[in-house]
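In what follows, residues are counted from 1 in the order of the sequence shown.
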Amino acid sequence: MAQKTDSEPPSGLLELAPEVRLPTREEREAEGGFWNKLKVGLRRTHGELLERLGTGAGFRGGPVTLDAATLEFLEEVLIGADLGVETALALVERVKKNATRDQLADAGRLRKLLADEMAELLDETAPRRRLVWEHTVTLVVGVNGVGKTTSIAKLARHFQGRGQRVMLAAADTFRAAAVEQLALWGERLGVDVIRQGPGADPAAVVYDSIQAARARQVDELLIDTAGRLHTKDHLMAELGKVRRVIDREAADWQRRTILVLDATTGQNAIAQARTFSQVVPVDGVLLAKLDGTAKGGMAVAVARELELPVLFLGVGEKAEDLVEFRPREFAAALLG
Ligand SMILES: Nc1nc2c(ncn2[C@@H]2O[C@H](COP(=O)(O)OP(=O)(O)OP(=O)(O)O)[C@@H](O)[C@H]2O)c(=O)[nH]1
Ligand SMILES: [Mg+2]
């Protein structure tokens, strides 16, 4: 086996071979599902963005002039969709720089340009290496109620759909009924859930689950954790301990930490992400509850301001309500 080198990416980030084959029928069908789900997830943000854009002078038909007033208006609309001030300004700057007279002939073209620039911006901030999900232990973290447990069920379904053997670990031993909630998802999905009694040490549950995952030759072990406010130091320290157990016991696995953020909380999520990243190495974000907000632009702010890849979007309460985040498709669905 090849020796590990310093240049090797952390947490098992591997490069994907370029895609050369044509998609199968199942994959094309899944693709259709992807678009539908993405559109449902972005319906409110998309609706509000278009409605607000429609109120701007020049956006009600006829040619658009990219003067100072129009640029300022665009900035406001984007900030309203929670892209964050910095990101909105950067985006409008790009539009200004790259717009040609021809593209500005009407509002539709300007929107298309905006979508293209947004996709570019997201592409630039996305990591050059994609995460490969194979033989992976994934720690799922986040503040209370953001959607961690539901997201784990969605991820389990996602990996099952790819023919992988999944196991769940109930390391939220803190909240009453958290273990039962995960166990119920496990039953519905036909997935084993490793659990201990109430009040058990989360690190012990994680230890057990790694041994069980080995014994049962699991491909994806997903670990549910208790919600914790990023401002509570002792709870954050506990998370660090859990991650150390994973690093020690699953040294030969790919190890990930996914931070779940609630899209409805807006910019506060950025502060959460910063603090979590200081305690555990966060590999990416799952942005949940996108369907419940008109502020879906937050995905762009997360990617750009935190330089953290958005990996998945949660678009509903069911196990199927998950889509992979893809910059071009996201921008097109948002503004198209
Ligand atoms: N609409 C919508 N609701 C969601 C989504 N994800 C989760 N929820 C709902 O949000 C609520 C909280 O979800 P949980 O998965 O229990 O959140 P949690 O982070 O595990 O909560 P704690 O364990 O208490 O910290 C539930 O009612 C979920 O159904 C989503 O993508 N869209
Ligand atoms: Mg939970």
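In terms of the side-chain hydrogen bond (donor to acceptor under 3.5 Å, both in side chains) criterion, residue partners of Q196 (sequence neighbours excluded) are, by chain and number, D208. For A288, the side-chain contact (heavy atoms from CB on, under 4.5 Å) test picks out S151, V260, L286, with sequence neighbours left out. Residues meeting the side-chain hydrogen bond (donor to acceptor under 3.5 Å, both in side chains) test with E249, sequence neighbours left out: Q211. Partners of E134 under the side-chain hydrogen bond (donor to acceptor under 3.5 Å, both in side chains) rule, at least two apart in sequence or in another chain, do not exist in this structure. With sequence neighbours excluded, no residue forms a side-chain hydrogen bond (donor to acceptor under 3.5 Å, both in side chains) with N144.
For the pair L38 and V315, the minimum side-chain heavy-atom distance is 4.5 Å or more.
Within the structure, no pair that satisfies the salt bridge (Lys or Arg N to Asp or Glu O under 4.0 Å) test touches residues 159-174, not counting sequence neighbours.
In this structure, R228 forms no cation-pi arrangement with F174, as its terminal cationic atom is not both closer than 6.0 Å to the ring centre and no more than 45° off the ring axis. Cation-pi contact between R256 and W133: present, with separation from the ring centre below 6.0 Å and deviation from the ring axis of at most 45°.
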Take F325 and F312 through the ring pair (Phe, Tyr, Trp, His ring centres under 6.0 Å) test and state the conclusion after the steps. CA-CA 5 Å; F325 181 77; F312 297 98; over 10 Å; no
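Judged by distance alone, the side chain of T45 and the main-chain N or O of T293 form a donor-acceptor pair under 3.5 Å.
We find that K318 and D321 are joined by a salt bridge, their nearest charged nitrogen and carboxylate oxygen being less than 4.0 Å apart.
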